[in-house]
Each structure stands twice: as structure tokens, then as C-alpha cells.
J.: 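Sharing a structure, written as C-alpha cells. Questions coming.
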Amino acid sequence: MRRFYLIGFLVLVSFDTFAQVCFKLTANHAMPPEATLDWVWRLLSTPWVYCAIACYVGAFLTWMTLLEHAPIGPAFAASHLEVISVMALSVVLFGEKIGTPQLIGSALIIAGIVCLAISETDAEKPPATT
Amino acid sequence: MSATVVTLWLINVLLDTFGQLSFKAAAAGHGLGEGAARWKAMARRPWIWIGVGCYVAEFVVWLAFLSLVPLSEGVLLGSINIVAVMVAGRVLFNEKFSPLRTAGILLVAAGVAVVGLS
């Protein structure tokens, strides 16, 4: 069962990560962004936008399956920790530079997500007698 | 960040939060039944369609946002959605904040501020 969760979380993070990468590829394809139908057509004319939608649907279904059995805390963390994998892929695929503010900011955000995940897990347990 | 980027970011947070709250409103309450009947009952509630509309709009706004910022920065700034939804949940649905939850929210908000103000 532990293995089921582990694989489930990995699948969830992968879907979320690839959705964001596909979003970025879609945005790059449709440059420049403008409030016109032309831009919307450029968005819809790249296969990446459909990959992004497919990843979203995949993530949704994985999330719903996991939530049936998995505790909400780790599930919550896994669904937001894609921040790390997306940053890593941004460097590799798009040659983005991660500066010091981004490093500090991401460390704070990740610490916050871990706190939230633990607090969600605690909330799941029956209230302790005080 | 330019004014356009900030505007798109704010619209994105608003749409995401309003969408999430709409879904919550659609799913909340008793008497919805179970299984397929529950989904049918929810589909009759306007809230679920308002939620779907918000998400479709958010999709477009997010693409415009990502056209203007690097992806690594975009996902970090997007983390503010977690904070906004939890704060709104507290205000509107009276959800409780434990000290740990408050700490988590403050850490995420601080992280977004560091990235956004740099």
C-alpha cells in the first residue's frame, strides 16, 4: 500500500510539472501575448496547449484517486511541491537562471508547504483530549 | 515586475480563489445524495458552473502571465493561491487556523514577497 501511495504521488507531481512546462511552451509559441482573438488562435494552434489540458485532467483523476485513501497532508504537499521540479526543469529546458531571491523565496515557500502539509495531517486525526 | 504582470498575477489569484470557493459552495451542504446522483445535484447548482468559468478564464490569464515571466518565477509567484484560498476559507467558511497552519501561510507569503519584490 505504501508503494501505491508513493507511485501515486510521483504520478501526481509529474502531471502537475509537465502541465506547467506545456503551459510555458504554449505561451512561448503564441508570443506576443495580446488581448485579441488572434492570440487565442495562436494558443489553440499549438499541440502543447492540449498536452497541458491532458496533464491537468490526469492530475485531477490522480488526485481524486489518491484522496480516496491517502491522508490529505502528504497529498497536499505532493500537489504543491511541483514548485521544485518545475524550477529544475525551467533551468534545463528553458535555460532560466535561478537568482538568490528566487532561491530564498522558494526555500520559504517549500518550508511553508511542509508546515501546511503537517497541519493538514494533524487536522485529520481525531481531536486529542486536552 | 511591470504593471501588466502585476495585474495578470492579481487577476489570476482572484479567479483561482473565487473558482475554488465556488466549487466548495457547490459541494458543501447536505442532501446532495451519493455517487452519480451527487454529481447531478451539483450540476444543477450555478456555483459549479461559476467555478468552471473561473477556471477557464484563469487558464487564459495564466498563459498571458507565463508569456511575460520566466516559468521558475511564475510557479513561485503562483504559490500565493495557496494563501489566498486558505484565508478566504477562514473568512467565508469559518475554517480554523492552527499555529502550524498560520506559520505555513506566513512562510509561503514571505517567500512570494521575496520573489515578487526582487
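Because the structure is predicted, anything quoted here is derived from the model rather than measured. Chain letters run A, B, ... following the sequence lines, proteins first, then strands; residues in each count from 1.
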J.: Does A:Trp39 have more than 12 heavy atoms from other residues, nucleotides or ligands lying within 6.0 Å of its CH2?
T.: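 Atom CH2 in A:Trp39 is crowded, with more than 12 foreign heavy atoms closer than 6.0 Å.
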J.: Examine whether an atom of A:Ile98 lies under 4.5 Å from a heavy atom of chain B, and if so say whether it belongs to the side chain, the backbone or both; otherwise answer neither.
T.: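 Side chain only.
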J.: Using side-chain contact (heavy atoms from CB on, under 4.5 Å), reason through B:Phe59 and A:Val49 one step at a time and then give a plain yes or no.
T.: CA-CA 10 Å; B:Phe59 184 84; A:Val49 74; 3.7 Å; yes
J.: Would A:Val11 end up clustered with A:Leu6 when hydrophobic side chains under 4.5 Å apart are linked, directly or stepwise?
T.: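 Each belongs to a different hydrophobic cluster.
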J.: Report the distance from atom OG of B:Ser79 to atom CG of A:Leu108, rounding to the nearest 0.5 Å.
T.: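 Rounded to the nearest 0.5 Å, the OG-CG separation comes out at 11.0 Å.
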J.: Should B:Ile11 and B:Val112 be regarded as members of a common hydrophobic cluster, given that ILVMFWY residues are connected when their side-chain heavy atoms come within less than 4.5 Å of each other, either directly or indirectly?
T.: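 Yes, B:Ile11 and B:Val112 fall within the same hydrophobic cluster.
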J.: If Ile, Leu, Val, Met, Phe, Trp and Tyr residues are connected whenever their side-chain heavy atoms lie under 4.5 Å apart, and connections chain through other members, are B:Leu10 and B:Val108 in the same group?
T.: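 B:Leu10 clusters together with B:Val108.
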J.: Do other residues, nucleotides or ligands put more than 12 heavy atoms under 6.0 Å from A:Phe18 CZ?
T.: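 12 or below, so no.
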J.: Quick one: do A:Leu116 and B:Leu107 end up in the same hydrophobic cluster if we chain Ile, Leu, Val, Met, Phe, Trp and Tyr together by side-chain heavy atoms under 4.5 Å apart?
T.: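 As far as the 4.5 Å side-chain criterion goes, B:Leu107 and A:Leu116 are not connected within one cluster.
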J.: Look up atom CG in B:Leu100 and atom SG in A:Cys115, then write down how far apart they are to the nearest 0.5 Å.
T.: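 Rounded to the nearest 0.5 Å, the CG-SG separation comes out at 5.0 Å.
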J.: Rounded to the nearest 0.5 Å, how far apart are CE of B:Met86 and OG of A:Ser119?
T.: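 Result: 6.0 Å between the selected atoms.
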J.: Pick one of side chain, backbone, both or neither for A:Gln20, based on which atoms fall under 4.5 Å of a heavy atom in chain B.
T.: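 Both parts, heavy atoms under 4.5 Å.
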J.: Examine whether an atom of A:Leu43 lies under 4.5 Å from a heavy atom of chain B, and if so say whether it belongs to the side chain, the backbone or both; otherwise answer neither.
T.: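 It is the side chain, since no backbone atom gets that close.
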J.: Which distance, rounded to the nearest 0.5 Å, do you find between the CD1 of B:Ile82 and the CD1 of A:Ile113?
T.: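 Going from the CD1 atom of B:Ile82 to the CD1 atom of A:Ile113 covers 4.5 Å.
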J.: Hydrophobic cluster membership, with links at side-chain heavy-atom distances under 4.5 Å among I/L/V/M/F/W/Y: are B:Val5 and B:Leu8 in one?
T.: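 Both belong to a single hydrophobic cluster.
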J.: Pull out the residues in residues 65-73 of chain B that come under 4.5 Å of chain A, heavy atom to heavy atom, sorted by number.
T.: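 The list, in residue order, reads B:Leu66, B:Ser67, B:Leu68, B:Val69, B:Pro70, B:Leu71, B:Ser72, B:Glu73.
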J.: For A:Phe23, which atoms come within 4.5 Å of any heavy atom of chain B: side chain, backbone, both, or neither?
T.: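 Answer is both: backbone and side chain atoms of A:Phe23 are under 4.5 Å from chain B.
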J.: Heavy atoms only, distances under 4.5 angstrom: which of B:Val115, B:Val75, B:Val114, B:Leu63 has the most pairs with chain A? Name it, please.
T.: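 Looking at each option in turn, the highest pair count goes to B:Leu63.
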J.: Measure distances from B:Val60 to the heavy atoms of chain A and classify the residue's part below 4.5 Å as side chain, backbone, both or neither.
T.: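 Contact with chain A is through both the backbone and side chain of B:Val60.
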J.: Just how far is it from atom CG of B:Leu76 to atom CD1 of A:Ile104, taken to the nearest 0.5 Å?
T.: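 Interatomic distance, B:Leu76 CG to A:Ile104 CD1, rounded to 0.5 Å: 12.0 Å.
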J.: Checking heavy atoms, do the side chain of A:Ile53, its backbone, both or neither come under 4.5 Å from chain B?
T.: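 Side chain only.
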